[in-house]
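Accompanying notes for the structure given below.
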Amino acid sequence: MVETATKKKVGGLAGIVAGDSAICVCGAEDQSLTYRGYGIEDLATHASFEEVAWLLLRGELPTSHQLTQYRARLKTLRVLPDPLKRVLELIPRTAHMMDVLRTGCSFLGNIEAHQERDPFVSSDRLLASFGSMLLYWHLFHKKGQAPNMDSAQDTVAGYFLEILHGKAPDDLARRALDVSLILYAEHEFNASTFTARTITSTLADYYSAVTGAIGALSGPLHGGANEKALELIQRFPNREAAEKGVLAALANKELIMGFGHRVYTTKDPRSPINKVWAERLAKATNDKVVLPVAECIEQVMWREKKLFPNADFYSAALYHFLRIPTPMFTPLFVIARISGWSAHIQEQREHNKLIRPVSRYIGPDRRPWIPIERR
Ligand code: COA
């Protein structure tokens, strides 16, 4: 006898332990987050994104010498091969930027798959080059010719801002982006990471796993929420309009993007850190609208629904203050999360077991075949 749909629905693998991992704890009890045992607050205060990427991928913090060498290596790896540039030039300017990265990653897999034998080569390559892929495509279409991608910046954040804006960022801007990349770097068995692990578990190649993960991250319930969050904030000219608009949206049973979380129940530990950096940037840019509206939305959501901002909400404001175009928000998540994905792909490979769960069948009981003329 099959189980029927009248039974309580199971879905989304909520609360299911789907495997062992030594990379990250997304703590439901104390609303905390650690990477390889280090608290996110310490990492966001003391570390750089490159240090965190090394930690995630190699398991321990780098020495000063290792970090210098690593940054130099990433600097060389951010230079795009010519065939990839030609492919990026062919992607229409109207494409969604996540699709640009998905194609760029997949194409790189065609021309550099042979490097896969060293587990760090492909991961360092993508970590270094996702930013250049996105900006090359963006600037090529904006300027109508191949852009100059040269920069002396030796950090992922500094390079991104300098190429995007055509001038070196100040320390505040560079560090704000750096911190947001740290906060986005890793988050346990989220949908895109689990996608990457599932693909890896079939013994498929690294680029296939990352390409699939980019697809999963692009959805508005996952990475795409940061773009939607800014669109929401920008709908309102002041706090009063925000209060009214959010109440109306809630009454209409709309989802408010950038709020709520599958694991955290009262606080996303990344959000207060993003908020502090958004506040610093708001002050520096003399903002009188975006941050007050965002804070008002936060207050209304807590008062009305006991829902709190997740990592996407204040990172959206932070990116806005850095004058980053909104369609680049989710790609920036990729630029950061490639470190976590790669660590998980490696871990999956080291202890591989094909990921293949079972479903609970709720369809019809077994029945006799009906010939076509009698249907
Ligand atoms: N706005 C309004 N209501 C929300 C909400 C939001 N952002 N997030 C959750 N809720 C409500 C749901 O409507 C549901 O209400 P109900 O019980 O009356 O039906 C309840 O809270 C539980 O939500 P549910 O969707 O079952 O939780 P989940 O664990 O499946 O979803 C998210 C988690 C993150 C997908 C969900 O909170 C969401 O869609 N948030 C907006 C998108 C987002 O910011 N994503 C980025 C995540 S880091």
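Numbers here are sequence positions counted from 1. Predicted model only: the values in this text are computed from it and were never measured. Start at 1 and go down the list; that is how both ligands and their atoms are numbered.
- Listed as neighbours of ligand 1 are Pro220, Leu221, His222, Ala225, Glu254, Leu255, Ile256, Met257, Gly258, Phe259, Gly260, His261, Arg262, Met301, Lys305, Leu307, Asn310, Asp312, each bearing a heavy atom under 4.0 Å from the ligand.
- The ring of His187 has its center no closer than 6.0 angstrom to the ring center of Phe333.
- Within a 6.0 Å radius of CD in Glu29, other residues, nucleotides and ligands contribute 12 heavy atoms or fewer.
- Leu221 forms part of a hydrophobic cluster together with Leu255, Met257, judged by ILVMFWY side-chain heavy-atom separations under 4.5 Å.
- Within the cation-pi definition used here (under 6.0 Å to the ring centroid, within 45° of the axis), Arg174 does not qualify as a partner of Trp277.
- Arg73 forms no cation-pi arrangement with Phe120, by the criterion of a distance under 6.0 Å to the ring centre and an angle within 45° of the ring axis.
- The aromatic rings of His261 and Tyr264 sit tilted relative to each other, their planes meeting at an angle between 30° and 60°.
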